[in-house]
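In what follows, a structure is listed as structure tokens, so that the remarks can point back to it.
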Amino acid sequence: MTFPLLFRRPRFSGHSHLVAWRNADVYFLAWKTDFLPPLLEPILWLVAIGYGLGTFIEDVEGVPYAEFLAPALLTLTALNASFFECSYGSFVRMYWQKTYDAIIATPVALDDVILGELLWAATKSVINAAIVLGVIAAFGLVHSWLILLALPVVFVAAFAFGAVGILTTSQAPNIDAFNYPMYLYVTPMWFLSGTFFPLTDELPPAFHFLAYTFPLTHATRIARGLNQGLITDDLLNSFLWLVLVGLVLTLLSINAMRQRLIK
Amino acid sequence: MEPALELDGVTKVFRTWDGKEFNAVDGVTLRVPRGQLFGFLGPNGAGKTTLLRLIHAFWPPTRGRLRVLGYDPATQGGELKARIGVAPQDNNLDPDFNVRRNLTTYARYFRLPRAEAARRADELLDFVGLKDKRREEIDTLSGGMKRRLVLARSLINEPDLILLDEPTTGLDPQARHLVWDKIRELRRRGTTILLTTHYMEEAELLCDDLVIMDGGKIHVQGRPADLIAKHVGRDVLELAFHPGSTPSVEDLRRLPGAADARIEIHADRAFVYHDDVESIAHQAKARFRLESSLVRRAGLEDVFLRLTGRQLRE
Ligand SMILES: Nc1ncnc2c1ncn2[C@@H]1O[C@H](COP(=O)(O)OP(=O)(O)OP(=O)(O)O)[C@@H](O)[C@H]1O
Ligand SMILES: [Mg+2]
């Protein structure tokens with residue numbers, strides 16, 4: 001990787017949506033299997049952790065544990081969808097299927113392809129989050145209509161999640177290479193972002209510092225606040241942080257991919 | 001109108017695994033007028049595919065200047081790609097879609113309206129004889145069918161310039177003739193076609209003009225018939241000797257009529273290129289212990305082997 005080139009200004013031709021569209025077509029061709037995980041997973045989490053384990057836990061931040069957990073299931077789903085789509089999914093398309101090679105022989109440029117991959121990952125995150133939203137609503141865990149605003153938040157956060165996937169794809173010699181971001185980024189983020197327990201003041205400062213570098217922490221705070229019908233300055237700051245990190249990571253991932261593919 | 005292709009000192013440098021630089025394409029200067037069917041021949045690794053990738057703005061050249069259909073690939077890649085069709089050497093069909101959907105999805109990248117995309121997809125499937133396979137998944141196609149589908153896909157935008165990288169490799173004779181017919185039909189319509197192939201009879205049959213490349217450089221350029229006449233003459237005499245009794249080039253040259261022939265010896269075989277080899281064949285039979293002798297018309301393959309040698313490339 002040549003460092004300064006990572007900040008090169010991308011050149012879009014306005015065709016990214018065609019790439020997202022292609023991926024969406026593939027998704028909807030197999031929708032019967034695609035819909036299942038986001039439907040079943042949150043139910044399992046809710047039953048096992050929210051209610052099962054939750055009965056041993058007193059109220060958290062003034063709400064029962066299951067209700068505390070519910071908004072996090074939305075953002076966790078987005079993290080999963082986006083990261084997997086842009087790591088394993090993108091690697092297969094780029095490396096095995098040569099789908100990118102085929103597309104960039106058309107007026108769609110490589111920068112559009114990568115942005116399109118992220119656009120689709122974000123869209124898929126929203127689809128999955130909407131399914132989860134339906135599940136938690138069915139469990140009676142939705143408190144405020146404002147939770148619907150969590151869907152656009154998830155869309156934005158998905159860029160930060162997905163771009164890390166694309167960055168790894170740009171460096172991956174083979175598909176096993178994704179173990180690194182899985183264990184160094186996704187899994188820690190999954191558990192430590194105030195998802196399963198609140199980021200209280202008793203936790204050490206280093207923990208706080210780490211947690212607040214994770215996009216998932218910010219997305220989860222926002223979702224939780226929205227479910228309580230709150231929009232505070234704090235939450236707006238978290239949203240701005242997500243936008244900023246999403247933009248920077250998107251830029252880096254596009255340029256890293258360009259360096260891999262354009263010899 | 002500007003020529004289809006103008007290359008001036010085009011060079012592409014790659015790095016090997018140990019960091020050494022080498023020129024995969026080395027100072028190629030070339031002009032191809034519109035409407036021609038132009039061939040690129042050369043041994044494995046000669047740089048044909050790399051050159052085609054530079055032409056369709058897939059990679060930027062390290063040095064040199066290109067103009068393709070009057071566009072500069074470096075700055076007008078999008079406009080250029082809208083007018084080019086590419087059938088790459090490795091079939092990169094989309095395995096997530098069936099046959100017909102591969103074409104309609106590809107059409108969308110060119111922003112063709114849905115109805116038009118459907119019309120062209122059906123027409124092209126007919127054109128390459130895959131109509132009955134339109135609902136099949138890509139994985140279920142045979143190698144030759146995939147090649148034909150790639151050809152169809154390269155035509156979806158009705159291009160002015162088509163790049164066919166080994167379009168007939170792996171095809172059975174029927175399919176090959178079908179593809180040849182299609183290529184000629186496209187040429188008749190005035191489309192410029194750049195073609196790479198390892199089949200010399202194919203190049204001889206199809207190409208108006210061609211180059212033979214080796215080591216990234218162009219060795220010769222010309223019409224197939226002219227190249228044959230210039231580099232090998234009309235006929236070839238192939239002599240196979242009994243092991244251990246192979247004469248030297250000088251011995252052969254002393255045969256009456258062979259003084260100005262081009263002669264090559266490989267192992268226990270000799271190749272004599274000349275406009276009249278019949279009498280030389282006669283003399284050789286009388287003078288040497290031959291296992292066999294064969295007189296045949298010279299072809300492009302002889303030119304190719306003469307110019308690029310008979311050794312295998314790494
Ligand atoms: N992406 C790449 N990175 C590094 N080297 C490459 C790359 N692509 C091709 N090369 C090298 O460039 C040289 C030319 O390869 P190219 O594929 O252009 O040959 P070719 O003439 O098409 O051969 P063939 O007849 O086997 O298809 C080869 O030495 C090859 O190893
Ligand atoms: Mg090649």
Side-chain angles (χ1 to χ4, degrees), chain A residues 1-2 5 8-31 33-34 85 88-117 120 124 173 257-263, chain B residues 12-15 24-25 49-50 52-62 74-98 101-112 114 137-139 149-150 153-154 156-157 159 162-163 165:
Chain A
M1 256 198 299
T2 323
L5 285 179
R8 160 195 157 278
R9 193 170 148 194
R11 267 187 258 152
F12 300 117
S13 62
H15 290 78
S16 331
H17 65 287
L18 299 174
V19 178
W21 195 351
R22 175 221 169 263
N23 291 348
D25 281 351
V26 176
Y27 176 84
F28 287 111
L29 277 175
W31 68 271
T33 44
D34 290 336
E85 195 63 33
Y88 296 95
S90 291
F91 189 81
V92 167
R93 287 189 283 273
M94 173 197 76
Y95 191 83
W96 294 111
Q97 303 187 176
K98 304 273 178 232
T99 310
Y100 294 1
D101 285 6
I103 297 178
I104 61 177
T106 74
V108 182
L110 182 63
D111 293 359
D112 294 300
V113 173
I114 308 307
L115 184 62
E117 291 272 273
W120 162 245
K124 187 173 169 184
M257 209 60 170
R258 173 167 282 273
Q259 283 185 39
R260 170 161 190 160
L261 290 177
I262 307 294
K263 293 275 166 56
Chain B
K12 184 68 182 177
V13 179
F14 282 131
R15 269 174 204 285
V25 173
T49 298
T50 306
L52 290 188
R53 289 189 153 182
L54 300 180
I55 291 169
H56 75 92
F58 191 92
W59 287 330
T62 313
T75 56
Q76 299 169 298
E79 291 101 311
L80 174 61
K81 286 171 183 177
R83 301 306 328 136
I84 292 191
V86 183
Q89 183 172 359
D90 45 347
N91 303 323
N92 50 25
L93 294 163
D94 199 328
D96 289 327
F97 295 125
N98 68 21
R101 194 117 187 207
N102 256 272
L103 297 184
T104 52
T105 304
Y106 214 67
R108 204 158 63 195
Y109 301 136
F110 291 95
R111 298 222 139 143
L112 292 183
R114 204 190 178 91
E137 294 301 320
I138 298 303
D139 291 342
L149 185 56
V150 168
R153 194 185 63 179
S154 74
I156 198 82
N157 57 329
I162 308 176
L163 276 51
D165 201 352

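So that the names make sense, note that chain A is the first sequence line, chain B the second, and so on, each numbered from 1. Fair warning: this is a prediction, and the values are worked out from it, not measured in the lab.
- The greatest number of non-hydrogen atom pairs below 4.5 Å with chain A, out of B:Arg15, B:Glu79, B:Lys12, B:Lys81, is found for B:Lys81.
- In this structure, CG on A:Asp112 lies 12.0 Å from OH on B:Tyr109, to the nearest 0.5 angstrom.
- Proximity to chain A (any heavy atom under 4.5 Å) is shown, for B:Leu80, by neither the backbone nor the side chain.
- Not a single donor-acceptor pair under 3.5 Å links the side chain of B:Tyr106 to the backbone N or O of A:Thr106.
- Contacts between B:Asp90 and chain A at a heavy-atom distance below 4.5 Å involve the side chain alone, from C-beta outward.
- Two residues are said to be in side-chain contact when any heavy atoms from C-beta on lie closer than 4.5 Å; A:Gln97 and B:Ile138 fail this criterion.
- Summarising the local packing, CZ of A:Arg11 is surrounded by 12 or fewer heavy atoms from other residues, nucleotides or ligands at distances under 6.0 Å.
- We find the OH-CG distance between A:Tyr100 and B:Asn92 to be 13.5 Å, quoted to the nearest 0.5 Å.
- In plain terms, the two heavy atoms of B:Arg101 and A:Leu29 that are nearest each other are NH1-CD2, 3.6 Å.
- The CD1 atom of A:Ile104 sits 8.0 Å away from the NE2 atom of B:His56 when rounded to the nearest 0.5 Å.
- In this structure, no portion of B:Arg83 lies under 4.5 Å from any heavy atom of chain A.
- A pairwise comparison of heavy atoms in B:Gly78 and A:Pro107 identifies O-CB, 3.9 Å as the closest pair.
- A:Leu261 and B:Trp59 make their closest contact through O-NE1, 3.4 Å (heavy atoms, listed as atom of the first residue, atom of the second, distance).
- Each of B:Asp94, B:Val86, B:Thr105 has some count of heavy-atom pairs under 4.5 Å with chain A, and the biggest count is that of B:Asp94.
- Sparse packing is recorded around OH of A:Tyr95, with 12 or fewer heavy atoms of other residues, nucleotides or ligands lying under 6.0 Å away.
- In this structure, chain B has no heavy atom under 4.5 Å from any part of A:Ala109.
- Only the side chain of A:Thr99 comes within less than 4.5 Å of a heavy atom of chain B; its backbone N, CA, C and O stay farther away.
- Both the backbone and the side chain of A:Trp21 come within less than 4.5 Å of a heavy atom of chain B.
- A:Asp101 and B:Arg53 get closest at one heavy-atom pair: OD2-NH2, 4.0 Å.
- Considering CZ of A:Arg93 and CG of B:Asp96, their distance stands at 7.5 Å, rounded to 0.5 Å.
- Here the closest heavy-atom approach between residue A:Lys263 and residue B:Phe14 is recorded as CB-CE2, 3.7 Å.
- Within the 3.5 Å criterion, the main-chain N or O of B:Asn91 finds no donor-acceptor partner in the side chain of A:Lys98.
- The nearest pair of heavy atoms linking B:Arg111 to A:His17 is NH2-CE1, 2.9 Å.
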